[in-house]
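Positions are given from 1 along the sequence.
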Amino acid sequence: MDIKLDPSRDDLPLMANTSHILVKHYILDLDVDFGSRVFEGTIVLFFGDGNHFKKQTSSTQETFQMESEETYTFRTAEPCHVPEMDASTFSPKMGYRESAVCGKGDQDAFGGDGNHDNQEHDSEISSSKYCCDTGNHGKEDFLLVLDCCDLSVLKVEEVDVASVPGLERFTKASKLAATPEKLRHEIVRDLMALPADGWREQLDCYTRCSKAPGCGELLFDTDNWSIQIRKMGVRTAADFPRAIRIQYKTKPEGQSVTWTSDQSGSPHIIFLSQSTLTSMSHLCGTRLCHEIAHAWFGLVIGARDWTEEWLSEGFATHLEEIFWAEAQQLPPHEALEQQELRACLHWHRLQDELRNSPEEMQVLRPNREETGHVSASGASVVKHGLNPEKAFMQVHYLKGYFLLRFLARTLGEETYFSFLRKFVHLFHGQLILSQEFLQMLLESISEDKRFGLTVENITHDWLECSGIPKALQEERQAEDCARSGLARQVGCEVAKWIRVNRRPRKRKRGKREATFEKLSADQLVLLLDCLLEQTTLSPPTLHCLQQTYRLQEQDAEVRHRWCELVIKHKYTDAYEQVERFLQEDQAMGIYLYGELMVNEDARQQQLAHKCFELVKEHMDRASAQVVTEMLF
């Protein structure tokens with residue numbers, strides 16, 4: 001059954017049965033054909049126990065010096081079933097085919113038009129499709145389900161990690177009597193259990209294991225949203241192979257890898273657009289620090305429910321400034337000044353985001369009390385995940401950032417970051433929910449020092465409501481009254497430009513020119529943000545502004561704000577710079593198209609259509625769709 005989903009009303013389905021099994025490590029070995037725009041190669045996945053085996057901590061004395069002992073509870077995973085098929089219908093050589101949907105529940109989960117009904121069945125994406133029994137008479141194989149799209153899977157096989165030389169410490173004499181399957185399981189289990197200070201050895205072992213030969217092909221099938229893999233005779237997740245190799249290639253028209261003219265196509269974990277590499281190192285540095293922060297929040301610790309994106313993006317946005325200050329080796333007072341300036345920038349962006357986005361997409365925890373709930377197979381959905389505009393929204397970045405900043409400032413920076421280190425250590429390699437983070441944070445602090453904070457009021461005020469939380473509004477009002485030095489300097493410069501703009505075109509004899517201070521890239525962004533609030537700026541003022549700061553040579557963040565000013569005030573002398581930005585910085589310039597159209601100026605609209613015609617074939621599908629809706 002080919003399920004057709006409507007982006008305007010449907011959510012992105014996640015089929016992976018993470019309740020049963022989790023990918024703990026992976027090794028990529030890919031070749032890139034730049035001519036055909038295809039990646040081809042293999043990925044080796046190393047599996048650990050899923051959420052059914054998740055460590056449960058009711059208290060944390062060892063980690064947080066609380067009153068009671070830390071306890072661990074394990075629950076055996078239940079088998080996920082799939083009807084047995086013969087080799088002619090379900091083969092390891094099989095590519096794409098339509099999967100049969102069977103079992104009770106499918107009629108309920110999908111309407112007659114094939115679309116998923118989000119309001120009634122948010123977490124029940126046809127669970128019986130992956131967990132059903134149609135009369136197998138007890139022969140029920142565990143089915144591994146992995147989320148993917150637009151891939152041609154060529155082969156899936158188990159990896160014989162026991163054949164790798166040099167793994168003596170994982171193949172002790174007591175294990176050699178075990179069956180080959182059990183030995184492979186124990187090797188991967190012990191490899192994953194290496195202590196943190198043995199990461200170099202662990203990484204080397206993973207790499208060598210990934211090059212081991214296969215020891216049997218596995219049955220697989222694919223559909224629009226996932227790949228399903230099973231091994232004949234394996235009934236439970238606990239017995240499923242711990243290391244498998246998938247040979248695949250991407251489709252040039254697919255979305256698994258998107259090729260655009262403003263981004264280098266390469267099989268690296270971090271993709272950097274050329275927009276971040278131009279001008280000075282500041283923008284590149286902060287973006288790199290953001291992606292490095294994901295090594296902890298996003299990779300080492302993930303969100304159990306993908307609707308809680310803030311657990312990844314909010315943390316990375318908050319930590320990027322800490323990392324960037326360390327990278328620059330700034331003294332504490334300068335680091336604090338820089339962070340206060342960045343908070344001003346984020347505040348401006350958040351306000352703009354909230355003004356221009358629907359309320360339902362401003363909520364960090366849209367599933368509310370249903371967060372973390374999945375179907376029997378582990379299937380769930382990402383709210384608004386098929387809406388192309390969601391990819392360009394920053395609410396979960398910015399609102400998540402301000403929540404963490406609020407917690408750190410309220411509880412104390414030293415207390416907060418000390419807790420964060422312990423939290424990462426304790427939850428290393430696990431999937432979490434917001435409640436787990438907040439509960440452990442508050443439990444680590446005595447009640448008299450929590451300032452009235454509870455999991456319930458934080459969740460309600462910050463995670464489950466749209467708009468700006470009251471605590472954040474009050475904090476920003478206080479900050480505006482006592483701005484940091486860097487932000488105050490920008491305020492003084494803004495006042496100078498406002499006076500320049502009000503001055504008659506013909507200066508009086510003897511009238512001195514205004515003297516402007518040199519500003520950093522972040523200060524320039526804040527300056528331009530403030531000037532965007534002005535109703536009118538004259539062409540001479542805009543010309544002087546451009547010349548003073550050499551805006552066309554600044555980084556993409558600065559140039560984007562400059563382009564907004566040019567469009568708002570119809571400064572025709574700089575239209576060429578807008579045109580160049582739209583062609584060379586495609587992803588960052590998406591909403592400039594909307595601003596060009598809103599003004600209802602014929603020349604600006606012509607510029608928008610001209611640029612889109614030049615670049616639309618090189619844009620990713622979501623970007624092109626958003627721009628199309630703006631223009632037509």
- Taking every non-hydrogen atom, the tightest pair across Val395 and Ser357: CG2-OG, 4.4 Å
- Would you check if Leu144 and Phe240 make a side-chain contact, meaning some heavy-atom pair closer than 4.5 Å? yes
- Under a 4.0 Å N-O cut-off, is there an ion pair linking Arg405 with Glu340? yes
- Can you tell me if Gln489 and Glu493 form a side-chain donor-acceptor pair at under 3.5 Å? no
- Look up atom CD1 in Ile432 and atom CD in Gln439, then write down how far apart they are to the nearest 0.5 Å. 13.0 Å
- Closest heavy-atom pair, Cys344 versus Arg476, reported as atoms and distance to 0.1 Å, is SG-NH2, 3.5 Å
- Can a salt bridge be assigned to the pair Arg559 and Asp585 using a cut-off of 4.0 Å between side-chain N and carboxylate O? yes
- Salt-bridge test for Arg409 and Glu479: reply yes if a basic N is under 4.0 Å from a carboxylate O, no otherwise. yes
- So, the side chain of Gln523 versus the backbone of Leu486: is there a donor-acceptor pair under 3.5 Å, distance only? yes
- Looking only at heavy atoms, what is the nearest atom pair of Leu463 and Val363, with distance? O-CG1, 3.2 Å
- Message: Side chains of Glu564 and His560 only: does a donor on one sit below 3.5 Å from an acceptor on the other?
- Response: yes
- How long is the span from the CG atom in Leu441 to the CZ atom in Arg450, to the nearest 0.5 Å? 9.0 Å
- Task: Of all the heavy-atom pairs spanning Val161 and Leu167, show the shortest one and how long it is.
- Result: O-CD1, 3.8 Å
- How long is the gap from OG1 on Thr454 to CD on Glu447, to the nearest 0.5 Å? 10.5 Å
- Item | Gln473 atom CD, neighbour heavy-atom count above 12 within 6.0 Å | yes
- Message: Tell me whether the rings of Tyr416 and Phe437 are parallel (<30°), tilted (30 to 60°) or perpendicular (>60°).
- Response: perpendicular
- Item | Salt bridge present between Asp204 and Arg200 (N-O < 4.0 angstrom) | no
- Please state whether the rings of Phe419 and Phe423 are parallel, tilted or perpendicular, taking 30° and 60° as the class boundaries. tilted
- Task: Scan side-chain atoms only and decide if Ser446 and Asp448 contain a donor-acceptor pair under the 3.5 Å cut-off.
- Result: yes
- Query: Between Phe402 and Trp462, does the ring centre distance come in under 6.0 Å?
  - Reply: no
- Item | Within-4.5 Å side-chain heavy-atom neighbours: Glu313 and His294 | yes
- Task: Walk me through it: do Tyr401 and Phe315 pass the test side chain to side chain contact (heavy atoms under 4.5 Å, CB included)?
- Result: CA-CA 6 Å; Tyr401 157 86; Phe315 276 86; over 6 Å; no
- Note on the structure: d(Leu191 CG, Glu186 CD) to nearest 0.5 Å is 13.5 Å
- Item | Under-4.0 Å salt bridge between Glu320 and Arg342 | yes
- All salt bridge (Lys or Arg N to Asp or Glu O under 4.0 Å) counterparts of Asp352, not counting sequence neighbours: Arg355
- Task: Using a 4.5 Å cut-off on heavy atoms from C-beta on, say whether the side chain of Val300 contacts that of Phe427.
- Result: no
- Task: Using a 4.5 Å cut-off on heavy atoms from C-beta on, say whether the side chain of Ile445 contacts that of Leu453.
- Result: no
- Quick one: CG on Leu299 to CD on Glu291, what's the gap to the nearest 0.5 Å? 9.5 Å
- Working to the nearest 0.5 Å, report the span between CG of Leu398 and CG of Leu403. 12.5 Å
- Message: Arg365 vs Thr307, test: side chain to side chain contact (heavy atoms under 4.5 Å, CB included). Steps then yes/no.
- Response: CA-CA 6 Å; Arg365 193 170 179 259; Thr307 63; 5.8 Å; no
- Message: Could you check whether any side-chain heavy atom of Leu336 comes within less than 4.5 Å of a side-chain heavy atom of Leu330, counting everything from C-beta outward?
- Response: no
- For side chain to side chain contact (heavy atoms under 4.5 Å, CB included), just list the numbers for Tyr206 and Phe46, CA-CA rounded to whole Å, side-chain angles, deciding distance to a tenth of an Å, and then say yes or no. CA-CA 8 Å; Tyr206 275 132; Phe46 297 89; 3.7 Å; yes
- Among side-chain atoms of His25 and Gln202, is any donor-acceptor pair under 3.5 angstrom? no
- Lys/Arg N to Asp/Glu carboxylate O, Glu308 vs Lys399, below 4.0 Å: no
- Query: Side chains of Glu360 and Pro366: closer than 4.5 Å at any heavy-atom pair?
  - Reply: no
- Message: Run the side chain to side chain contact (heavy atoms under 4.5 Å, CB included) test on Gln338 and Glu321 for me, step by step, so that the C-alpha distance in whole Å, both residues' side-chain angles and the decisive distance to 0.1 Å come before the verdict.
- Response: CA-CA 8 Å; Gln338 189 177 88; Glu321 298 175 1; over 6 Å; no
- Close side-chain approach of His318 and His290, heavy atoms under 4.5 Å: no
- Message: Please report whether the ring centroid of Trp296 lies less than 6.0 Å from that of Phe323.
- Response: yes
- How about Leu319 and Leu420: do any of their side-chain heavy atoms sit closer than 4.5 Å? yes
- Note on the structure: All heavy atoms of Ile301 vs all of Val424, minimum pair found to be CD1-CA, 3.7 Å
- Item | Charged N-O contact under 4.0 Å between Arg242 and Asp49 | yes
- Task: Output yes when a side-chain donor or acceptor of Glu464 lies under 3.5 Å from a complementary backbone atom of Thr459, and no otherwise.
- Result: no
- Query: Is there a salt bridge (Lys or Arg N to Asp or Glu O under 4.0 Å) between Asp529 and Arg561 once you walk through the steps?
  - Reply: CA-CA 7 Å; Asp529 274 343; Arg561 299 306 194 285; 2.8 Å; yes
- Task: Search all heavy atoms of Val188 against all heavy atoms of Ala243 and return the closest pair with its distance.
- Result: CG2-CB, 4.4 Å
- Message: Can you confirm whether the side chains of Glu353 and His396 place a donor and an acceptor under 3.5 Å from each other?
- Response: no
- Query: Would the number of heavy atoms belonging to other residues, nucleotides or ligands and lying under 6.0 Å from CD of Glu359 be above 12?
  - Reply: no
- Answer yes if the side chains of Gln394 and His346 hold a donor-acceptor pair under 3.5 Å, and no otherwise. no
